[in-house]
There are 2 protein chains.
Amino acid sequence: MADTGISSGSAVGSAALTNDVDADVSGASAIGTSPALGADSSAGVKSARRAVELLEAFGSNHDWLSLTDLHHYTGFPRSSLHGLLRTLRDVGWIESDDAGTRFRLGVKALICGTAYLDRDPVMPYATEALERLRDQIGYTCHFARLNGPDIVYLQTRESRTSAHLVSRVGRTLPAHATALGKALLSELADDELTAVLPKQLTALTELTITDREALRSELAFIRERGYSTERGQSSPNLACVAAVVPYRIPGTDAMSCSMPGERVTDAELLRVGSLLRDVAEDLSQQLRRAGIR
Amino acid sequence: MADTGISSGSAVGSAALTNDVDADVSGASAIGTSPALGADSSAGVKSARRAVELLEAFGSNHDWLSLTDLHHYTGFPRSSLHGLLRTLRDVGWIESDDAGTRFRLGVKALICGTAYLDRDPVMPYATEALERLRDQIGYTCHFARLNGPDIVYLQTRESRTSAHLVSRVGRTLPAHATALGKALLSELADDELTAVLPKQLTALTELTITDREALRSELAFIRERGYSTERGQSSPNLACVAAVVPYRIPGTDAMSCSMPGERVTDAELLRVGSLLRDVAEDLSQQLRRAGIR
DNA sequence: GGCCTTTGTTCACATATCTGAAGCAACAGG
DNA sequence: CCTGTTGCTTCAGATATGTGAACAAAGGCC
């Protein structure tokens, strides 16, 4: 895994809401999860872990959720959920309907979560760089960070002309399916890559790279050239170019441009690519000079 | 006991941290059940409450925080903090430095918190309306929501021309000091207003309204006219106009335009105001038709 | 280096949470 | 109106957490 000197727990892959637990809850309940996997989900303060796991459940489920929904999703006993939900609601991190029986994410989560952006000394510089970039090339520009097998969008400056934004601050996409992600993955050593990539490379479109070997050689090429490109791999009719901001080793952050897929020539893609690489390099120098890493 | 001079080696003693032992759980929602006893700070699942309170501490403190910093800030025993911090770190909601002794907010908080935006059925409509508005009048436009005595920015479309954004998704400002907030406060009944406003109306600039009576009469005027204006009350050299999106009663959401303060005439302010009111009304009708409330 | 202060970590007991099962409340179908 | 179903709430015992105090480690100051 990318060693940035920042340690944070590895994401224990939580599945979709279809995650049904109660196949056979009778009797012995869910006995200790098989110790096959090293990362035990039983360490630490139970209620604290459960509280944030609940928040994450709300984060990936945009409807009202009932106690029973959450029971199926998390596997926590209904009675335990009862207490947790009321607690989280009382502090404003989740909201309930009038009956107090359906829940969803609250504003506090937004307010607190977005503070991540203020906390990061990179952001002011990145924002400025994005604006320079957008003004130079006119396309929508993104700044994103690698988080495990995904990229997280941190900031966007939209095209002066085009319709509307594709992404949003805080949204994640599988790294292997985006120009941003491929640029960042290309920074990893072979075994780091293996460790980070999910078992199955999910396809966002028909063109998404889902073959590990194909991905590996693509990454090697990107590493050589210094920027990555992509046409319709993350979204139909969208072309993207991205370059790592090399102020850390391995790099964790990257910048990209998105443009309407059909109307963009290969030559244009390359032009933007090398420009992007230059802007990213400038930004890196600024950051290093400012002692940020 | 840190009886005097809590000089704490590093410069961590930032302003926000002055909140010494025994932090009160500042009442979040206006709907709050009558706090008969100090029960609200001791009810519910202790570790869960502490976990999110910790997250909020990180949300309002953008430096690395040590265990001792957090002890002073939250009043939780050091030994309890130890476990909580490790737990939160293991699940990725906070990050620690290499030594594992300083902490700050993690990416998970951003990812999960911003999901609030996806969860809200109003957002797609609001975004579209913002874009129409921006294209019509050219200024930077915001969509925000009232949360207790504050407004929270939910979405922004920036001016095609001006320099850079003043605000950010998820940021909060005191309602009484902004056009957005004044528009929303004008929806409240007199006693609701009293209940919501903080004891002391803090001033963001010299022009911020800090007198409750002055604010009340301003709100009455706004209620009549259907939109609010403001010059330099939230930020020097910035003028703002805002109108409530009346799809709920009382309204909770509003739209605004921000423009460079010096160059904008009063007439322009009013022109934008009535235009804004119209767009907000259109949006409301859309929302009501879509069954959103 | 020696001493002192500050900060992080560990431990065993007191205490609060977690939990399964039982108790209700709401609702649909006959 | 009764009855079965589903889902939320409550309760007392089993269990895991919270806590103060002791311990260890890091750093500052002569």
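By convention in this document, chain letters (A, B, ...) are assigned in the order of the sequence lines, proteins followed by strands, and residues within each chain are numbered from 1. On a predicted model such as this, the values are computed, not experimentally measured, just so you know.
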Colleague: Rounded to the Å, how far apart are Leu65(A) CG and dG7(D) P?
Modeller: 14 Å

Colleague: Could you check how far NE2 of His82(A) sits from P of dC11(D), rounded to whole Å?
Modeller: 10 Å

Colleague: Salt bridge or not between Lys108(B) and Glu53(A)? Use side-chain N to carboxylate O under 4.0 Å.
Modeller: no

Colleague: Between dC8(D), dA16(C), dT9(D), which nucleotide gets closest to the side-chain atoms of Arg102(A)?
Modeller: dC8(D)

Colleague: Which whole-number value in Å describes the distance from Asp98(B) CG to dG8(C) C1'?
Modeller: 17 Å

Colleague: dT19(C) phosphate, OP1 or OP2: any side-chain N/O from Lys46(A) under 4.0 angstrom?
Modeller: yes

Colleague: Measure from the side-chain heavy atoms of Val45(B) and tell me the nearest of dT19(D), dC8(D), dC18(C).
Modeller: dC18(C)

Colleague: Of Thr101(A) and Arg78(B), whose closest DNA chain D nucleotide lies nearer the 5' terminus?
Modeller: Thr101(A)

Colleague: To the nearest 0.5 Å, how far apart are CG in Asn147(B) and CZ in Arg145(B)?
Modeller: 9.5 Å

Colleague: Could you grab the distance from atom CG of Leu117(B) to atom NE2 of His62(A), nearest 0.5 Å is fine?
Modeller: 9.5 Å

Colleague: Do Asp69(B) and Arg102(B) sit within salt-bridge range, that is, some charged N less than 4.0 Å from a carboxylate O?
Modeller: no

Colleague: Could you tell me whether Glu56(A) and Arg49(A) have a side-chain N and a carboxylate O separated by less than 4.0 Å?
Modeller: no

Colleague: Taking atom types as they are modelled, would you say the side chain of Ser79(B) forms a donor-acceptor pair with the base of dG20(D) within the 3.5 Å cutoff?
Modeller: yes

Colleague: Rounded to whole angstrom units, what separation is found between the CG atom of Leu67(B) and the C1' atom of dA24(D)?
Modeller: 15 Å

Colleague: Does Arg50(B) or Ala99(A) map to a spot on DNA chain D nearer the 5' end, using the closest nucleotide for each?
Modeller: Ala99(A)

Colleague: Just checking Ser80(A): base, sugar-phosphate only, or nothing, at a heavy-atom cut-off of under 4.0 Å?
Modeller: base

Colleague: Taking atom P of dA16(C) as reference, at what distance in whole Å does atom CZ of Phe76(B) sit?
Modeller: 16 Å

Colleague: Establish, with yes or no, whether the OP1 or OP2 oxygen of dT7(C) is under 4.0 angstrom from a side-chain nitrogen or oxygen of Ser66(B).
Modeller: no

Colleague: Just N and O in the side chain of Ser47(A): are any of them under 4.0 Å from OP1 or OP2 of dT17(D)?
Modeller: no

Colleague: Nearest whole angstrom, please: distance from the P of dT9(C) to the CZ of Arg89(B).
Modeller: 9 Å

Colleague: Using whole Å, what does the distance between atom C1' of nucleotide dG7(D) and atom CH2 of Trp64(A) come to?
Modeller: 18 Å

Colleague: Using a cut-off of less than 4.0 Å, is there contact between a side-chain N or O of Arg49(B) and OP1 or OP2 of dA16(C)?
Modeller: no

Colleague: Within this structure, what is the CG-to-P distance between Leu84(A) and dC8(D), rounded to whole angstrom?
Modeller: 15 Å

